[in-house]
Amino acid sequence: MQEIYLDHAATTPVHPEVLKAMLPYYQDVHGNPSSMHRYGQRTRHAVDEARIIIARSLNAEPGEIIFTSGGTEADNMALVGIMEANQAKGKHLITSQIEHHAVLHTCERLESLGYEVTYLPVDETGRVAVEDVEQAIRPETVLISIMFGNNEVGTLQHVGKIGKLAQEKGVYFHTDAVQAFGIEEVDVKRLHIDLLSVSAHKINGPKGIGALYVRRGIKIAPHLYGGNQEKKRRAGTENVPGIAGFARAAELAMETRKERRDHYKMLRSTMLDVWNKQGVDYVINGHPELYMPHVLNVSFPGMKTDAMLMHLDLAGIAAASGSACTSGSLEISHVLRAMNLPEQRLESAIRFSFGYGNTEEQAREAAERIGHILMRSNDKR
Ligand SMILES: *Cc1c(COP(=O)(O)O)cnc(C)c1O
């Protein structure tokens, strides 16, 4: 049985070209970028080049990029760094109920330190209303953090409008673009973004490397203390192989973004076509138009998520509930919960996510296997 990986929103395989770009930095080119000698100069050059590439992919300047250990660290650094540096203005920040836990749990930490957080609701498609953001802004509001595209349901937010609003009100705007980067056009200037998080392992890069974009002139409190790396804001010897791999992954993602979008749309409609032909009962969760094409979240009423995931694994298909699995028992996703969906839809949601290596054949095969799983369980009832 051919295994089919449809969980690219969780993580992606490393592209062969990315691995190739990384290997020299595990072998001969091993100097510390902070060293004066030529070994150091070589890795310093690699880090500088990578920074230029990552900056270009966001329409930012190289000096605005801070390398981190991934999306989680970038989110932590953005929120804590900005709030800490702006205590004189106030201690209030605005976010949404559907953020990744890297943002939500950082907000909880900030609350325990005496900061105040407004968690904005979403509609049934998973969207935050711009008017709600506007109404939540107070004189003491320092930061708005609203994600670019949701990792569980794929819904895109009004990033440009929220960015513009934040700019007009003199509030900083951070967006977690980890899932959108490489899929959507992420232009920090056009969208008025002050801070933005990205991660390599969601775009066929290595795990454990990411970046935070911080617009020039914005002060953030240091996140790690030590050497002078990353302009003293994130100390520690750079992950040179990771940084080189991240840059190559970003290059490939930019070059192929449009074709991949079309490819994912095709994979998506291939699966839906199979289910329509088989008469499968399904509902799509998310926004009907404004979504990232690599994420397909569907509910199969009557088939509980954990049971389905077990059947899928037996059928060789890797998918996800889109929610955190706590000691084996599945919790209802906070994202779907915030979307106020009927209980039956919450209990039966599955996220399929497409990426490098997925073919039309795989999409058809996966959908057929899923259809058979559902038919068998209907027969039993
Ligand atoms: C994966 C993900 C993260 C976390 O990134 P890591 O690099 O795994 O720490 C944060 N936000 C979103 C939206 C994600 O999909």
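Both counts, for ligands and for their atoms, begin at 1 and track the order of listing. All heavy atoms count here, side chains included; hydrogens, waters and symmetry mates do not.
- For atom 1 (C) of ligand 1, the closest heavy atom belonging to the protein is K202 NZ, 1.4 Å.
- Residue-level proximity to ligand 1 for E73 is absent, since no heavy atom of it falls below 4.0 angstrom.
- Residue V178 approaches ligand 1 through these ligand atoms, each under 4.0 Å from one of its heavy atoms: 1 (C), 2 (C), 3 (C), 10 (C), 11 (N), 12 (C), 14 (C), 15 (O).
- Remark: minimum distance from atom 4 (C) of ligand 1 to any protein heavy atom is reached at T72 OG1, 3.5 Å.
- One distance of note links NE2 of H8 with CG of N204; it measures 6.5 Å at 0.5 Å rounding.
- Protein heavy atom in closest approach to atom 3 (C) of ligand 1: H100 NE2, 3.5 Å.
- An N or O contact shorter than 3.5 Å links D176 to ligand 1 by distance.
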Exercise. Can you list the steps and then say if R233 with E230 is a salt bridge (charged side-chain N to carboxylate O under 4.0 Å, His left out)?
Worked result: CA-CA 6 Å; R233 293 176 296 185; E230 305 299 302; over 6 Å; no
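- For ligand 1, the atoms closer than 4.0 angstrom to any heavy atom of G70 are 7 (O).
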Problem set entry | Test log, rule side chain to side chain donor-acceptor pair (under 3.5 Å), inputs H192 and Q167 | CA-CA 7 Å; H192 313 283; Q167 194 178 45; 3.2 Å; yes
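- Within the 4.5 Å cutoff, side-chain heavy atoms of P301 are placed close to those of V283.
- Annotation: cation-pi pair R42/Y39 present, NZ/CZ under 6.0 Å from the ring centroid and within 45° of its normal.
- The protein heavy atom nearest to atom 6 (P) of ligand 1 is G71 N, 3.4 Å.
- Heavy atoms of N151 found under 4.0 angstrom from ligand 1 belong exclusively to the side chain.
- The side chain to side chain contact (heavy atoms under 4.5 Å, CB included) test with N76 is passed by exactly one of T68, V103, T106: T106.
- Residue-level proximity to ligand 1 for M147 is carried by the side chain, the only part with a heavy atom below 4.0 angstrom.
- Using cut-offs of 30° and 60° for the angle between ring planes, the F300 and F352 rings count as perpendicular.
- Nearest non-hydrogen protein atom to atom 8 (O) of ligand 1 is H201 NE2, 2.7 Å.
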For this session: Could you give me the CA-CA distance, side-chain angles and deciding distance for R257 and E184, then say whether salt bridge (charged side-chain N to carboxylate O under 4.0 Å, His left out) is met?
Result: CA-CA 8 Å; R257 191 176 68 83; E184 302 298 322; 5.4 Å; no
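- S199 OG, 2.6 Å is the protein heavy atom nearest to atom 7 (O) of ligand 1.
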